[in-house]
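Input: a single structure, listed below in structure tokens.
What you see is a predicted model; the values in this text were computed from it and never measured.
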Amino acid sequence: MSWAIIQQSLPMFGKGFELTLWLSFVGIIGSIVVGLICSLVQYFRVPVFHQIASVYVEISRNTPLLIQLFFLYYAFPVLGIKFGAQLCGIIGLIFLGGSYMAEGFTGGFNGVSKSQVESGKAIGLSRWQLARYVVFPQGFSLSVPAMAANVIFLIKETSIFTVIAIPELTNTALDLIGMYYRSNEYLFVLVIAYAIILVPLSIILTLLEKRVRYGTFGN
């Protein structure tokens with residue numbers, strides 16, 4: 001293994017690292033928003049939207065991100081709708097992640113005591129007020145472990161973006177291997193780059209889960 005080759009590749013990996021972080025951040029935030037909306041719609045069984053959300057979750061969870069990206073990047077232009085590669089990646093990540101987040105949030109919302117929901121209804125809270133003051137705060141806390149697992153999952157899924165030529169970390173490594181045939185060096189940097197992202201994040205999310213589990217927020 002040549003450390004000189006590794007050092008020479010760092011600028012390219014640095015760009016891939018930044019792009020991976022950016023795509024992950026936007027995709028995760030979008031997934032959380034979509035997941036919250038879908039889970040609340042399903043929890044309160046909002047007419048029509050409840051069925052739409054259920055269909056979306058089933059389609060998204062039962063199709064691979066690879067197929068979703070191919071559809072966005074190659075099939076949509078045939079219909080006259082064309083997105084850039086990075087936008088396709090973000091849309092695909094949100095489409096996939098939103099369904100997983102929705103399932104996680106739904107589990108958390110279903111964990112809220114029914115007696116509290118009924119008490120809220122008894123004092124005249126509207127559906128929106130129930131969601132804001134009763135269901136959401138408690139359900140969100142209960143869904144933190146599932147949300148944390150989904151965050152890690154979505155970051156790792158960015159490696160699939162290489163199929164539509166987005167120059168994130170995995171694509172950068174494959175390009176360098178194809179040009180210089182130095183698999184050991186570039187795969188080593190790839191592993192280290194993902195470890196730099198995922199290990200600290202996993203520790204932070206684990207600590208967050210423990211704080212939620214033992215009710216130490218604000219203490």
Side-chain angles (χ1 to χ4, degrees), residues 17 19-46 49-50 52-66 68-69 89-114 116-117 127-161 168-169 193-219:
F17 187 89
L19 184 57
T20 298
L21 285 179
W22 169 247
L23 294 174
S24 298
F25 175 77
V26 176
I28 288 167
I29 295 299
S31 298
I32 291 172
V33 172
V34 171
L36 279 174
I37 293 172
C38 289
S39 59
L40 287 172
V41 164
Q42 290 179 304
Y43 181 85
F44 288 105
R45 304 189 70 82
V46 180
F49 291 102
H50 164 64
I52 293 173
S54 297
V55 171
Y56 154 67
V57 169
E58 289 302 314
I59 292 175
S60 175
R61 283 172 59 87
N62 290 288
T63 54
L65 178 59
L66 178 65
Q68 295 170 10
L69 291 176
I90 290 172
I91 293 173
L93 202 63
I94 293 174
F95 184 80
L96 177 69
S99 62
Y100 280 89
M101 291 293 184
E103 290 292 279
F105 289 132
T106 298
F109 295 151
N110 288 333
V112 177
S113 172
K114 297 298 181 183
Q116 296 190 44
V117 176
R127 182 176 291 180
W128 163 249
Q129 290 172 323
L130 277 173
R132 181 180 179 185
Y133 298 112
V134 180
V135 177
F136 177 77
Q138 298 179 64
F140 188 83
S141 296
L142 292 171
S143 62
V144 166
M147 183 175 67
N150 288 332
V151 166
I152 299 297
F153 164 72
L154 291 175
I155 293 175
K156 291 190 289 186
E157 285 293 283
T158 60
S159 62
I160 298 178
F161 289 170
E168 40 69 58
L169 283 170
Y194 273 112
I196 290 172
I197 297 173
L198 294 173
V199 172
L201 183 60
S202 296
I203 294 172
I204 292 170
L205 291 174
T206 299
L207 293 174
L208 178 62
E209 288 180 39
K210 289 181 179 179
R211 288 177 65 85
V212 170
R213 184 179 305 165
Y214 297 108
T216 56
F217 278 117
N219 294 339

Item checked: Min side-chain heavy-atom separation Leu169-Ile197 under 4.5 Å -> yes
Margin query: Apply side chain to side chain contact (heavy atoms under 4.5 Å, CB included) to residues Phe109 and Ser143 and explain how you reach the verdict.
Written below: CA-CA 8 Å; Phe109 295 151; Ser143 62; 5.7 Å; no
Next item on the list: Quick one: closest heavy-atom pair of Gln68 and Ser60, and the distance?
Entry: NE2-O, 3.3 Å
Item checked: Rounded distance (nearest 0.5 Å) linking atom CD1 of Ile196 with atom CZ of Phe17 -> 5.5 Å
Item checked: Gap separating the OG1 atom of Thr206 from the CG atom of Leu201, nearest 0.5 angstrom -> 9.0 Å
Next item on the list: Over all heavy atoms of both residues, which pair between Gln138 and Val112 is shortest? Give the atoms and the distance, please.
Entry: CB-CG2, 3.9 Å
Check: Would you say Thr20 and Phe161 make side-chain contact, with heavy atoms under 4.5 Å?
Finding: no
Margin query: Distance check, rounded to the nearest 0.5 Å: Glu209 atom CD versus Met147 atom CE?
Written below: 9.0 Å
Next item on the list: Report yes or no: does Ser141 contribute a side-chain atom to a donor-acceptor pair with the main-chain N or O of Pro137 at less than 3.5 Å?
Entry: yes
Next item on the list: Drop me the distance from Leu40's CG to Arg132's CZ, to the nearest 0.5 angstrom.
Entry: 13.5 Å
Margin query: Does any part of the side chain of Leu96, heavy atoms only, come nearer than 4.5 Å to the side chain of Phe153, both counted from C-beta?
Written below: yes
Notebook entry, point to check: Are any non-hydrogen side-chain atoms of Tyr43 and Leu130 less than 4.5 angstrom apart?
Noted result: no
Checklist line | Euclidean distance, Ile28 CD1 relative to Ile90 CD1, rounded to 0.5 Å | finding: 12.0 Å
Next item on the list: Over 60° means perpendicular and under 30° means parallel, so classify the ring planes of Phe140 and Phe105, tilted if in between.
Entry: parallel
Checklist line | Minimum-distance pair of heavy atoms, taken over all atoms of Val57 and Glu103 | finding: CG1-OE2, 3.6 Å
Check: Which heavy atom in Ala53 sits nearest to a heavy atom in Val41, and how many Å separate them?
Finding: CB-CG1, 4.4 Å
Note to self: Can you confirm whether Val135 sits close enough to Phe44 that some side-chain heavy atom of one is under 4.5 Å from a side-chain heavy atom of the other?
What the structure shows: yes
Note to self: Could you check whether any side-chain heavy atom of Met101 comes within less than 4.5 Å of a side-chain heavy atom of Val151, counting everything from C-beta outward?
What the structure shows: yes
Check: Within a reach of under 6.0 Å around CZ of Phe49, are more than 12 heavy atoms found that belong to other residues, nucleotides or ligands?
Finding: no
Notebook entry, point to check: Ignoring hydrogens and geometry, is there a side-chain-to-backbone donor-acceptor pair from Tyr194 to Lys156 under 3.5 Å?
Noted result: no
Notebook entry, point to check: Considering only heavy atoms from C-beta outward, does the side chain of Asn110 approach that of Leu142 to under 4.5 Å?
Noted result: no
Checklist line | Heavy-atom pair of closest approach, residues Thr63 and Ile59 | finding: OG1-O, 2.8 Å
Next item on the list: For the pair Asn150 and Ser31, evaluate side chain to side chain contact (heavy atoms under 4.5 Å, CB included) and give the outcome as yes or no after the intermediate values.
Entry: CA-CA 9 Å; Asn150 288 332; Ser31 298; over 6 Å; no
Next item on the list: Indicate the atoms forming the closest heavy-atom contact of Thr158 with Ser24, along with that distance.
Entry: CG2-OG, 3.4 Å
Note to self: To the nearest 0.5 Å, what is the distance between CG on Leu93 and CG on Leu65?
What the structure shows: 6.5 Å
Note to self: For a 4.5 angstrom cut-off between non-hydrogen side-chain atoms, does Phe25 reach Ile29?
What the structure shows: yes
